[in-house]
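Bear in mind that the values here come from a model prediction, so they are computed numbers and not experimental data. Order of appearance sets the numbers: ligands from 1, and atoms from 1 within every ligand.
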Amino acid sequence: LEKDALDSFESAADADAVEETRVRFLGAKKGALKDVQKMMGGIDPSDRKAAGMRLNAFKTKLQESFEASQSRLGGGEASGIDPTFDATLPGIRPNVGHIHPITQTINHLMEIMGRMGFEAAEGPEVEDPWHNFVALNIPEDHPARDPLDNFYLATASATQAGSEGSQLLRSQTSTVQIRVMEQHQPPIRVISLGRVYRPDAPDATHYPMFHQMEGLYVDKHVTMANLKTVLRVFATNYLGGDVQIRFRPSFFPFTEPSVEVDFLWNDTWIEFGGAGMVDPAVFEAVGYDPEKVSGFAFGLGVERLCMRRHGITDIRDLYSGDLRFLRQF
Ligand code: FA5
């Protein structure tokens, strides 16, 4: 058996032959060495020790012969390839990230509004009181400018929070309306999607940082009927044909008349945003003639839209960073 085994290892011409020989002699189940081991049980106990030693020596010899043939053929440990490496085992899937549900929502909203001819516009998140308040007809003593309701920046140049030279994280995307109108003449048809910040206590529907979709349409003879149609078409496209939408009279300093926009959700009306006809004072602030143009504007909460569409019941889930939640989108 020994000669047969050693000859076989020596004459093996390729890795397959070496492996075949290994299985034949050293195989854990049916190898010849196993048969010899089984015979040990029948040996007289007084001879068993000597027989065991011989068997071990034989096993080592076979193992050495096997390794020698492996390295002769350039395989095995001698070649630096881990002999336990198995190329057929399934691999470990790398963790690949994906787009956050709010970014997905933003892309979707831009696509829907784009089909209605609205182009995307952007503005900075750090704003001055002119764009966040003054040009939007929000006077100095208005409660919306209260330092307790805004994140004013503690910059070196900042004078008193809320006054002329101060800076703040924008509290609404309506700032972009002003920036667009300052730089372009009508007709204007834009949307702006971005982050806004308010020191609101987090609960199921509020977060201190959230996103708004601002819309602005300025032309000759734009009416409230146009506003309602655009918002209805938008809501049907994003939330489905069966969505119910309601306009409630409201007040914003930068629109007149103003409405609040509600969608029916689980049998309750939920506020999604505000809208209205651009106030003549806003047109004057950007140098437009209110006698010659009219327009509508709206600002909707992006998180609430995303939540309504996907049945998310707590806004905080969106920002928890919990992968079990995020992987669902
Ligand atoms: C405004 O911010 C106005 N600028 C909207 C507007 C634009 C009116 C243009 C007229 C013309 P309001 O403060 O109501 O309005 O906020 C709009 C929406 O933002 C809310 O309806 C709500 O959907 C969302 N929102 C407000 N606060 C939070 C918050 N803390 N967390 C999440 N969403 C919020």
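- The proximity of F254 to ligand 1, defined as any non-hydrogen pair under 4.0 Å, is limited to the side chain.
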Check against side-chain hydrogen bond (donor to acceptor under 3.5 Å, both in side chains), E182 and H131: CA-CA 10 Å; E182 281 173 338; H131 291 95; 2.8 Å; yes

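- In terms of protein heavy-atom proximity, atom 17 (C) of ligand 1 is closest to Q212 NE2, 3.5 Å.
- The option with the heavy atom closest to atom 6 (C) of ligand 1, from among G301, G274, P208, is G274.
- The residue from F251, F296, F210, F298 that puts a heavy atom closest to atom 28 (C) of ligand 1 is F210.
- Taking the six-membered ring wherever Trp is involved, the centroid distance between the rings of F133 and H142 does not fall below 6.0 Å.
- A salt bridge links E127 with R179; the closest basic N to acidic carboxylate O contact falls under 4.0 Å.
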Before giving the answer on side-chain hydrogen bond (donor to acceptor under 3.5 Å, both in side chains), spell out for Q172 and Q212 the whole-Å C-alpha distance, their side-chain angles and the decisive distance to 0.1 Å. CA-CA 7 Å; Q172 49 184 354; Q212 289 187 334; over 6 Å; no

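- Ligand-side atoms of ligand 1 in range of Q177: 9 (C), range being under 4.0 angstrom from any heavy atom.
- In this structure, Y217 and F118 have perpendicular ring planes: the angle between them is above 60°, well past the 30° mark.
- Nearest protein neighbour of atom 3 (C) of ligand 1, counting heavy atoms only, is Q172 OE1, 3.7 Å.
- Atoms of ligand 1 found under 4.0 Å from any heavy atom of A275 (numbered from 1 in listed order, with element): 8 (C), 10 (C), 11 (C).
- A distance of 9.5 Å separates CZ in F247 from CG in D262, rounded to the nearest 0.5 Å.
- Here atom 2 (O) of ligand 1 lies nearest to R198 when heavy atoms of M213, R198, M209, E214 are compared.
- Every heavy atom of S258 sits 4.0 Å or more from the atoms of ligand 1.
- Side-chain contact annotation: E10 with S65, donor-acceptor N/O pair under 3.5 Å absent.
- Between Y319 and H211, the angle of the ring planes stays under 30°, which puts this pair in the parallel group of the 30/60° scheme.
- In the candidate list D200, T255, V302, D200 is nearest to atom 30 (N) of ligand 1, counting heavy atoms.
- By the 4.0 Å heavy-atom criterion, T205 is counted among the residues contacting ligand 1.
- In the vicinity of E271, heavy-atom distances shorter than 4.0 Å reach the ligand 1 atoms 14 (O), 20 (C), 21 (O), 23 (O).
- Interface atoms of ligand 1 facing I315, defined by a heavy-atom separation under 4.0 Å, are 32 (C).
- The protein atom (non-hydrogen) at minimum distance from atom 15 (O) of ligand 1 is F252 CE2, 3.6 Å.
- The protein non-hydrogen atom at the shortest distance from atom 23 (O) of ligand 1 is F272 O, 3.0 Å.
- Contacts with ligand 1 closer than 4.0 Å are made by heavy atoms of both the backbone and the side chain of H206.
- Residues E19 and R22 are paired through a salt bridge, judged by an N-O separation under 4.0 Å between the basic side chain and the carboxylate.
- A donor and an acceptor atom, one from each side chain of D149 and S171, are nowhere located under 3.5 Å apart.
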